[in-house]
Asks: 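Dropping a structure here in structure tokens format, bear with me for questions.
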Amino acid sequence: MKSSPHLVLILCLQAALVMGVFAALAKQNALVESKAIDINPGQLKCCTNCNFSFSGLYTCDDVKKDCDPVCKKCVVAVHASYSGNNKFRCTDTFLGMCGPKC
């Protein structure tokens, strides 16, 4: 069977199109996964109870009277209903290393 240059060109173009579609799908999946993690690019001033993962992300389980200014999601960790002195925890996931101990 004799191959024509047009057939080879068409096959190469089809292969490039398929690879482009798969690359676009992979990029879209990566964007969705990074939004699910919700990485906070800032770093806490200090963290004593650090949960570090091998992916390079960490969370700080410190319970304090207020959250660090770089914290996006500060939640009440301990309710003090009578005294009004609630304790808070930053539930952000941070990229990088844990800060120094408080």
Side-chain angles (χ1 to χ4, degrees):
M1 180 175 168
K2 187 176 179 183
S3 65
S4 71
H6 297 291
L7 180 62
V8 173
L9 178 65
I10 290 171
L11 290 174
C12 288
L13 289 173
Q14 284 180 339
L17 179 66
V18 169
M19 289 183 350
V21 168
F22 284 128
L25 289 173
K27 183 177 180 180
Q28 182 181 4
N29 286 340
L31 288 173
V32 169
E33 288 175 7
S34 70
K35 287 181 182 176
I37 296 173
D38 194 20
I39 297 172
N40 187 339
Q43 187 170 354
L44 298 174
K45 286 186 255 178
C46 64
C47 180
T48 303
N49 299 313
C50 180
N51 289 324
F52 180 75
S53 70
F54 290 107
S55 64
L57 301 174
Y58 72 92
T59 55
C60 186
D61 281 338
D62 288 354
V63 177
K64 303 177 183 179
K65 68 176 188 170
D66 57 357
C67 284
D68 196 283
V70 299
C71 181
K72 292 180 181 177
K73 292 181 286 185
C74 186
V75 298
V76 176
V78 178
H79 289 281
S81 57
Y82 294 111
S83 65
N85 296 328
N86 292 335
K87 300 284 184 172
F88 298 92
R89 176 182 292 130
C90 182
T91 60
D92 291 357
T93 301
F94 293 89
L95 180 63
M97 299 294 291
C98 292
K101 293 189 180 210
C102 296

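Residues take their numbers from the sequence shown, with the count starting at 1. As the structure is a prediction and not an experimental result, all values here were calculated from the model.
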Asks: For the residue pair Phe52 and Tyr58, what are the closest heavy atoms and their distance?
Replies: CA-CB, 3.9 Å
Asks: Working to the nearest 0.5 angstrom, can you tell me the gap between Thr93 OG1 and Leu57 CG?
Replies: 6.5 Å
Asks: Tell me the closest heavy-atom pair linking Ala77 and Arg89, and the distance in Å.
Replies: CB-CB, 4.0 Å
Asks: Judged by atom type as modelled, is there a donor-acceptor pair below 3.5 Å linking the side chain of Asp92 to the main-chain atoms of Lys72?
Replies: yes
Asks: Is any side-chain heavy atom of Cys60 closer than 4.5 Å to a side-chain heavy atom of Asn51?
Replies: no
Asks: Tell me every residue that passes side chain to side chain contact (heavy atoms under 4.5 Å, CB included) with Cys74, counting only those two or more places apart in sequence or in another chain.
Replies: Cys67, Cys71, Phe88
Asks: Is any side-chain heavy atom of Asn85 less than 4.5 Å from a side-chain heavy atom of Lys65?
Replies: no
Asks: Keeping the roles fixed (side chain from Thr48, backbone from Cys102), state whether a donor-acceptor pair exists under 3.5 Å.
Replies: yes
Asks: Rounded to the nearest 0.5 Å, what separates atom NZ in Lys101 from atom SG in Cys46?
Replies: 11.5 Å
Asks: Hey, does the side chain of Asp68 reach the backbone of Leu44 with a donor-acceptor pair shorter than 3.5 angstrom?
Replies: no
Asks: Please tell me if the side chains of Phe94 and Thr59 come closer than 4.5 Å, counting only heavy atoms from C-beta onward.
Replies: no
